[in-house]
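Structure first, then comments.
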2 protein chains.
Amino acid sequence: MRTEELRYMGNGTMSLLREKILDVASDLFQTRGINSTGVDTIVAVAGTTKMTLYKYFRSKEDLILEVLHKGHADFSTWLNQKLNKNTKKPSERLQKLFDFIEEWVTAPDFRGMAFLKASAEFPNEENPVHRLSAEHSKQFKQFLTELAVDAGAKDADSLALQLSILIEGAIQAEQMKRGSGAVKYAKKAAKILIENALEK
Amino acid sequence: MRTEELRYMGNGTMSLLREKILDVASDLFQTRGINSTGVDTIVAVAGTTKMTLYKYFRSKEDLILEVLHKGHADFSTWLNQKLNKNTKKPSERLQKLFDFIEEWVTAPDFRGMAFLKASAEFPNEENPVHRLSAEHSKQFKQFLTELAVDAGAKDADSLALQLSILIEGAIQAEQMKRGSGAVKYAKKAAKILIENALEK
DNA sequence: TTACGTATATACTAATCTGTATATAAAAAT
DNA sequence: ATTTTTATATACAGATTAGTATATACGTAA
């Protein structure tokens with residue numbers, strides 16, 4: 001029973017305090033920046049102490065990595081559910097994707113795309129935070145490639161990369177200036193590119 | 001003679017040490033991040049002392065703002081010269097633009113787009129560094145709009161915003177992983193969008 | 001020489017940073 | 001009832017941060 005619980009928590013699940021720290025850190029990292037947010041601030045806002053934080057996370061870098069991981073997992077889950085529930089035809093899913101991205105970006109609690117900001121704060125490609133960010137970006141590209149293949153695109157890799165550029169560019173624009181409406185224009189551009197790639 | 005020289009240096013020109021500090025800071029900010037780079041490191045690499053740095057810049061924030069300003073001015077000047085020397089027809093300039101962006105990005109001393117990284121490190125829209133970054137992004141968009149108007153695009157604003165999303169997205173991708181070739185794909189996408197917008 | 005402007009060297013303040021040590025309170029499990 | 005676990009409170013170490021104070025050296029211009 002004891003060992004089971006330990007294993008359980010080691011997996012990253014369970015423990016309300018641990019979840020609270022992750023949520024608070026995620027919010028502070030996004031709104032104030034990662035390097036500008038100290039662990040003292042995190043524990044103060046989370047209503048706990050440093051001892052507890054360092055019981056759940058070996059270091060601040062570990063905490064950053066877990067925040068990134070959770071953010072990416074949550075986003076992926078949300079997006080997949082949206083796609084699976086609302087669209088059946090593979091040819092429509094690429095288009096619909098941009099509707100959901102827009103919904104995500106225009107939500108009042110949108111704080112930006114975590115791995116985009118993180119990679120900018122840790123520019124060195126050897127840095128673990130940068131590497132994880134690049135990995136997330138790569139996974140998102142692969143996800144788009146699958147959608148493009150299923151839709152029957154001529155050059156799925158090419159289309160997927162173009163769409164990822166559009167999406168990350170639009171989100172970057174929205175991080176720079178909230179309410180920019182960039183996703184709306186990215187959607188228009190995507191429509192043209194998708195139609196172009198689906199012509200036989 | 002004295003007052004003239006003071007005014008001259010106040011304008012930001014002259015003084016080799018000042019230039020050296022700006023160059024070193026620019027490089028360190030891009031390669032290590034802004035918040036991760038202390039003024040002690042900057043003066044050590046530049047081969048001077050803090051007293052000198054604070055004689056030319058009131059604060060680190062002032063230095064950051066000047067680095068951003070110089071980076072944007074240098075890029076704008078370079079791009080304008082390239083466009084003016086190599087392309088005469090307004091209808092071809094939008095296409096050519098992507099060739100120059102690719103040339104800029106694939107150069108061995110490319111370190112990223114300063115205002116993209118800066119806005120990520122200072123996410124708060126009230127922050128002076130973020131505001132200047134947003135201003136540079138806005139100016140770049142306006143520059144694209146002028147090119148789109150001259151080219152005779154149907155909806156110049158829309159096309160300009162789409163192209164800015166493509167460019168900033170591709171540069172973001174290249175910052176994430178050097179040699180990604182993102183600009184090449186952005187160029188293909190741009191060609192389609194431009195042709196689409198130039199149809200009568 | 002004298003005076004002045006530029007830059008260096010060095011030491012300092014005061015705050016902040018990550019991470020740890022220690023002692024204790026509270027609660028849950030045996 | 002007693003052990004074990006979980007979390008708190010607090011203080012600390014050691015490094016680093018931005019920015020300043022002071023004294024000095026160097027070159028140039030009067």
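In the model, Gln30(B) has a side-chain atom that pairs as donor or acceptor with a side-chain atom of Lys117(B) under 3.5 Å. Counting only N and O atoms by type, the side chains of Asn86(B) and Arg93(B) include no donor and acceptor under 3.5 Å apart. Side-chain contact check for Glu135(A) and Gln139(A): at least one donor-acceptor pair (N or O, by modelled atom type) lies under 3.5 Å.
By the side chain to side chain donor-acceptor pair (under 3.5 Å) test, Ser36(A) is found to be paired with Asn35(B), residues two or more places apart in sequence or in another chain being considered. When the salt bridge (Lys or Arg N to Asp or Glu O under 4.0 Å) test is applied to Asp74(B), the partners found at least two apart in sequence or on another chain are Lys70(B). Take Asp109(B) and apply the side chain to side chain donor-acceptor pair (under 3.5 Å) test, not counting sequence neighbours, and it matches no residue.
In the helix from dT1(C)-dA30(D) to dT30(C)-dA1(D), the terminal helix axes, each the rotation mapping four pairs' C1' atoms onto the next four within five end pairs, subtend 0°, rounded to 10°.
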> Would Glu102(A) and Lys187(A) count as a salt bridge (Lys or Arg N to Asp or Glu O under 4.0 Å) if you check the C-alpha gap in whole Å, the side-chain angles of each, and the deciding distance to 0.1 Å?
Replying inline: CA-CA 9 Å; Glu102(A) 186 172 31; Lys187(A) 189 156 65 174; 2.5 Å; yes
>> Working note: Lys191(B) + Phe98(B), criterion side-chain contact (heavy atoms from CB on, under 4.5 Å); need CA distance, chi angles, decisive distance, verdict.
In response: CA-CA 9 Å; Lys191(B) 194 180 177 193; Phe98(B) 279 78; over 6 Å; no
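Rounded to an integer number of Å, the gap from CD1 of Ile64(A) to C1' of dT18(C) is 11 Å. In this structure, Asp62(B) places its CG atom 9 Å from P of dG19(D), rounding to the nearest Å. Rounded to an integer number of Å, the gap from Tyr54(B) OH to dT22(D) P is 18 Å. Atom pair Leu53(A):CG and dT10(D):C1' shows a separation of 17 Å (rounding to whole Å applied). Atom pair Met51(A):CE and dT6(D):P shows a separation of 13 Å (rounding to whole Å applied). Summarising the geometry, the separation between NZ on Lys55(A) and C1' on dA9(D) is reported as 13 Å, rounded to the nearest angstrom. For Arg18(A) and dT5(D), the CZ to P distance is 19 Å, given to the nearest whole Å. If you measure from atom CZ of Phe57(B) to atom C1' of dA18(D), you get 16 Å, rounded to the nearest angstrom.
The residue among Leu17(B) and Ile34(A) whose nearest nucleotide of DNA chain C lies closer to the 5′ end is Leu17(B).
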> Once each nucleotide of nucleotides 11-17 of chain D is scored for protein heavy atoms under 4.0 Å, what B/S/- sequence comes out, 5' to 3'?
Replying inline: -------
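Using a 4.0 Å cut-off, no side-chain N or O of Tyr56(B) falls inside it from OP1 or OP2 of dT6(C). Close to dT8(D), at under 4.0 Å from its OP1 or OP2, lies a side-chain N or O of Thr52(A). An OP1 or OP2 oxygen of dT8(D) is reached within less than 4.0 angstrom by a side-chain nitrogen or oxygen of Thr48(A).
Identified under the ring-ring contact (aromatic ring centres under 6.0 Å, His included) test for residues 108-164 of chain A, with sequence neighbours left out: His72(A)-His136(A), Trp104(A)-Phe110(A).
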